[in-house]
Structure formats: structure tokens, C-alpha cells
Amino acid sequence: MQTFGNYINGEWVTSGSTFENRNPANTDELIGLHTIGTVADLQQAADAAAAAFPKWAAMPAPARANILFKAAEILDSRFEAVAADMTREEGKTFPEAKGEVRRTINILKYFAGEGSRMGGHLVPSERDRVHMFAIRKPIGVVGLITPWNFPSAIPAWKLAPALIAGNTVIMKPASAAPLSAWRIIEALHEAGIPKGVVNFITGSGGALGKALIEAKPVKAISFTGSEGIGKWIHAEASKRMLRIQLEMGGKNPTVVLNDCDFNSAVENVVNAAFFSTGQKCTATSRAVVEDGIYDRFVEALVERTKKLKVGNGMEAGIDIGPAVDEGALKTILDYIEIGKQEAGAPVVGGNRLTGGAYDKGYYVEPTIFAGVTENMRIAQEEIFGPVLAVQKASSFEDAMRLANGSHYGLSASVQTTNISRVYEFIYGMEAGLLTVNLPSAGVEYQLPFGGTKDSSFGPKEQGPAAFDFYTDYKTIYLKY
Ligand code: NAP
């Protein structure tokens, strides 16, 4: 069985103890062993990143880009294998995993391209013969902490802008799916990234998090994960006045209006609620449906959901894989019980799947609760699984009130053919990512990504906005 090492100062380090990476679709399958990093490893990585920083920051950005382009090519040469690793460790279906690996490759290339474009500001001065401009500069050593649900794309969308901007990094991936991120580090290593520029440490976030925040050379932390851990990181990192970027949970609504394109709205809600087992941060967890079509819409959702095939994501024809691990399965099943008490029996689903191959994995039926009201826990709390709460709205205004009735604000969608409603939604919806007549999930990397309210803190990720976090300005006034 392969042991996957940590990557510190350009070396693979496999000493010490390990933890298992098992397939949530079949827990008999051990995918590999990953190294449990220690606080001492973390300090060593921080020192290596600090030592590597001046030379890496001084390298022309297009030269840094060549390494990212090469890493993208290396990943592409292993495309199917890397995607299969992802399905086996995270559970999402093989087509979804291929989509994510493609996105990772594109993210590496996109930010490599930014190496030749990244500009500053040049503006006219009020004063005679004064030339004034601001250049971007990297911030130093950055800690990157990532979740398991997009185990390749999220590491990529933090690593690539951090590196192209000239920062050096320490990455701590999620313990539930560390291999997909490891594959990116492997590609960067093979592409010739100088030693110390990228460091990668696996192990429990609880054990390593504080040490990462407290490591002296670390100047910034970018975190994606749950609200609770994000808020804790905010409190700890603020003590050191670190730059912080937090992307956290959501309770994303899809607003379905009477005048929607009915069939496509059904498809969009089912897609956004259940694909990737509802484990996308931008997944729809609430459908807010106007009363004119409410009954018919719920009925259609149920019929469509019954057709979804749940199983091992490596098998053809499967729509939905398992929950990522036993803890996630338990949370989902607990919320289904809460939903039964609050809203009565679900209109579809509501059970763990058992029997045959299901007994070896963490499978749960896609589940819909209808008649959910705004104060129920299943309308307010993030479940992060294939559970949809349907709320009835008496009007567009009521739908907007219900949709905004959450302390989260990550993504939201509207299904309507009325252009005025579209604009009212765009301006009135309190969320960072909006879709119109599309599923709420399914974003691209070329535009800013992130939420509002308790979903996010700090500058946005991805697109040109990524550099708002990973660079600082130096402003120059020059008399000639
Ligand atoms: P999580 O439990 O918060 O873990 C995220 C990362 O933080 C993991 O690498 C984890 O390590 C680490 N961690 C745990 N405790 C830590 C600590 N005390 N200090 C520093 N790091 C610590 O979240 P998750 O279960 O992996 O991911 C699901 C959550 O992520 C959901 O809430 C989802 O909404 C959110 N998410 C948000 C976005 C977004 O862009 N807004 C995108 C994707 C996911 P271990 O794995 O070792 O515990």
C-alpha cells in the first residue's frame, strides 16, 4: 500500500505515523496511507517557505507561469487516473470528477496566463512632472486550508494565484480526501517548482491549525470549510493580524416563480440539490416555490428524484455517489430525523440505503421535505448532503423574503421568464453568487467567487479578484 508523503522544502517526507484514506463507496477499499504531519513539520515548512520567498518573489511572473503551465500539462497527462483517485476518495461520480480535474488544469493555466497580465495602476498626477503608480507585490508565506468536497479544484484555486503572484505556501488539505491535492503537488514538483516554494502537510486540522496560524513566517491564511472552523480561524489569526480569507457554509435557495420554464426549473433544482450528493457549497438546499405552481412542482421534483441512481461513482449510469464519510452520513441522517419531526414524512427518500453493495458505503436516498417553514432547522442550518427543503411563497416578494431569510449568503438562483423579476432578484438577493435559469451550483474560475453574510469573510477568490487577497500594493510617487 502506497504511503503518500508530506512535501517540505522540496522533499517528500514519509517518516512518522500515517492515516488511512478509504473509499466511501466501498470502505473495504484502502486507497492509500497519508502522513500525519507534526507541529515540527509545520514549523520546518514555514521556515522553508520563508527562505524560498525572496528568490521566488523576484523571479519574473512569466517564468513562474512556465512552472504552472508545465504542472497543468503533467496533470493532463494523468487525467483519467487523477479523476479516478478523486472518485475513489471523495465519492463523487467519475464524470463529475473528470469535470473537476479539467477545471483544476484550466485554473492552473488561467492563473499562469495572469503571470503575463497582472498589472498595477498608473494614473495622472495633479503635480507637474510627477509620475505616480502602484505595483502589486506578493505578501509572503501564505497558509492554505482546504475542504474535501472539491478536493482538487479548491486547492488549485488557492495555490495557483498565490504562486503566480510570487508568494510561497503551506497547504493543509482535508483529511477526508487528501490525495487529489497531493496529485497537484506531485505535478508542481515534477514541473520543477523550486524547493520551499510549495509545502504540503497532511494530518488533522485540529492538531495543525493553531500551529499554522502561529508559525511566525505565515502572513496570511486562506481557508475554505465550515463556518465554525472559519470563525475560530478568524479569532486566532486576528490575534496576529494575519490577512484572512474565509469561504464557509451556505443554505442556498432556488426561487421558482409561477412563470418559470417548468421542466428546466425542475431539472435545475434536482441537479443543484442532489448531484455530488448535495455536497457542493453552492448546492441548492432550499427551493422557494411560488404558490401558483407549488403542488405541481413538488410532484415533478419527486418524480424526477425517484429516477436518480445512487451507487458507486465509478460505475456507469450512477447519478449520485455516497456521503464522504461516516461523520457526514450521520449528520445527514440526523437532519433527516429532525426534518421528519419538523415537517413530517419526506415526500421522497428519507433513509440510508442498505443491502448488497450499499452496506459497504455511506449511501443515503436523495430526500425532499415539502411544506417547510422558515424557522425550521432544516430551513436554516447547513446539512451538506442530498436533502432539499421546499418552502411555499405567496408572491415574488414573499419568495425574496424567504430566500433572504438565512444568515448565510453564498449562492442563490432564480427560475423565471420575467426579465423584471430577474433584475429585482439580482439587486435584491443577498448572496455572492447568483444564477438565472441555471442550477445554483456550477461556477467557473474566470470571475470572482465567494459569498456574503456568514458565508464569507475577506476578499473574493478566483478570477482577477484573487489578487486582492494574494497581493499587496506598493505605491510610488516619482519626480522627473
Ligand atoms: P471543515 O471541517 O471546516 O474542514 C476544512 C479544513 O479545515 C480541513 O482541511 C480541516 O482539516 C481543517 N481544519 C479543521 N479544524 C481546523 C482547525 N482547528 N484549524 C485549522 N484548520 C482546521 O470543513 P469540511 O467538512 O472539510 O468541508 C465542508 C464545509 O466546507 C461545508 O460547510 C461547506 O459549505 C464548506 N465549503 C465552502 C465553500 C465556499 O467556497 N464557501 C466551498 C467548499 C466547501 P481536517 O480535514 O483534518 O479536519
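Counting starts at 1 for both ligands and their atoms, following the listed order.
Heavy atoms of Leu212 found under 4.0 angstrom from ligand 1: none, in either backbone or side chain. Of the heavy atoms in Phe223, only side-chain atoms (C-beta onward) come closer than 4.0 Å to ligand 1. Of the heavy atoms in Pro173, only backbone atoms (N, CA, C, O) come closer than 4.0 Å to ligand 1.
The protein heavy atom nearest to atom 12 (C) of ligand 1 is Ile145 CG2, 3.7 Å. Atom 28 (C) of ligand 1 has Phe384 CE2, 3.6 Å as its closest protein atom, hydrogens excluded (heavy atom only). For atom 34 (O) of ligand 1, the closest non-hydrogen atom on the protein side is Glu382 OE2, 2.6 Å. Taking atom 25 (O) of ligand 1 as the reference point, the nearest protein heavy-atom neighbour is Trp148 NE1, 2.9 Å. The protein atom (non-hydrogen) at minimum distance from atom 35 (C) of ligand 1 is Gly225 O, 3.2 Å. Nearest protein heavy-atom contact of atom 23 (O) of ligand 1 is Ser226 N, 3.4 Å. In this structure, the protein non-hydrogen atom closest to atom 40 (O) of ligand 1 is Phe449 CE2, 3.0 Å. Looking from atom 27 (O) of ligand 1 to the surrounding protein, the closest heavy atom is Pro147 CB, 3.4 Å.
The closest side-chain donor-acceptor pair between Gln279 and Ser276, if any, does not fall under 3.5 angstrom. Residues Asp334 and Thr331 have side chains that never bring a donor and an acceptor to within less than 3.5 angstrom of each other.
Counting heavy atoms from C-beta on, the side chains of Phe223 and Pro147 never come closer than 4.5 Å. Side-chain contact between Gln380 and Tyr408 is absent, with no heavy-atom pair separated by less than 4.5 Å. In this structure, the side chains of Phe200 and His189 stay at 4.5 Å or more apart for every pair of heavy atoms. The closest side-chain heavy-atom distance from Val364 to Ile336 is below 4.5 Å.
Taking the ring centre of Phe79 as origin, the terminal cationic atom of Arg102 falls inside the region bounded by 6.0 Å and 45° from the ring axis. With Phe469 as the aromatic partner, Lys158 does not meet the cation-pi criteria of under 6.0 angstrom to the ring centre and within 45 degrees of the ring axis. Cation-pi geometry between Arg304 and Phe274 is not met: the NZ or CZ atom fails to fall both under 6.0 Å from the ring centre and inside 45° of the normal.
When only interatomic distances are considered, the shortest N/O to N/O separation between Gly250 and ligand 1 does not fall below 3.5 Å. Considering backbone and side-chain N/O of Thr146, one or more are found under 3.5 Å from N/O of ligand 1. Considering backbone and side-chain atoms alike, Thr224 places every N or O at 3.5 Å or more from each N or O of ligand 1.
Shown in contact with Ile154 at under 4.0 Å from a heavy atom are these atoms of ligand 1, numbered in order with element: 42 (C), 43 (C). Near Ser204, the atoms of ligand 1 lying under 4.0 angstrom from a non-hydrogen atom of the residue are 47 (O). Near Asn149, the atoms of ligand 1 lying under 4.0 angstrom from a non-hydrogen atom of the residue are 43 (C), 44 (C). Numbered from 1 in the order shown, with element, the atoms of ligand 1 that lie under 4.0 Å from a heavy atom of Gly209 read 19 (N), 20 (C). The Trp232 neighbourhood of ligand 1 comprises atoms 17 (C), 18 (N), 19 (N), with distances under 4.0 Å to a heavy atom of that residue. Those atoms of ligand 1 that come under 4.0 Å of a heavy atom in Gly203, given as number and element, are 47 (O). Under a 4.0 Å criterion applied to the non-hydrogen atoms of Leu410, ligand 1 contributes the atoms 41 (N).
Relative orientation of the His34 and Phe4 rings is parallel, given thresholds of 30° and 60° on the angle between their planes.
Under a 4.0 Å heavy-atom criterion, Gly230 is not in contact with ligand 1. Not a single heavy atom of Gly451 lies less than 4.0 angstrom from ligand 1.
No option in Tyr470, Tyr445, Phe449 other than Phe449 meets the ring-ring contact (aromatic ring centres under 6.0 Å, His included) test with Trp157.
For atom 4 (O) of ligand 1, the protein comes within 4.0 Å by no heavy atom at all.
The option from Pro155, Gly205, Ser175 that lies nearest to atom 46 (O) of ligand 1, judged by heavy atoms, is Ser175. Counting only non-hydrogen atoms, the option in Gly450, Cys281, Gly432, Ala176 that gets closest to atom 36 (N) of ligand 1 is Cys281.
Counting all heavy atoms, side chain and backbone alike, Glu20 lies closest to Leu33 at CG-CD2, 3.8 Å.
Here the CG atom belonging to Asp325 is positioned 7.0 Å from the CH2 atom belonging to Trp148, to the nearest 0.5 angstrom.
Using a 4.0 Å cut-off between a side-chain N of Lys or Arg and a carboxylate O of Asp or Glu, Asp472 and Arg136 do not qualify as a salt bridge.
Here the side chain of Asn252 pairs a donor or acceptor atom with the backbone of Ala283 at under 3.5 angstrom.
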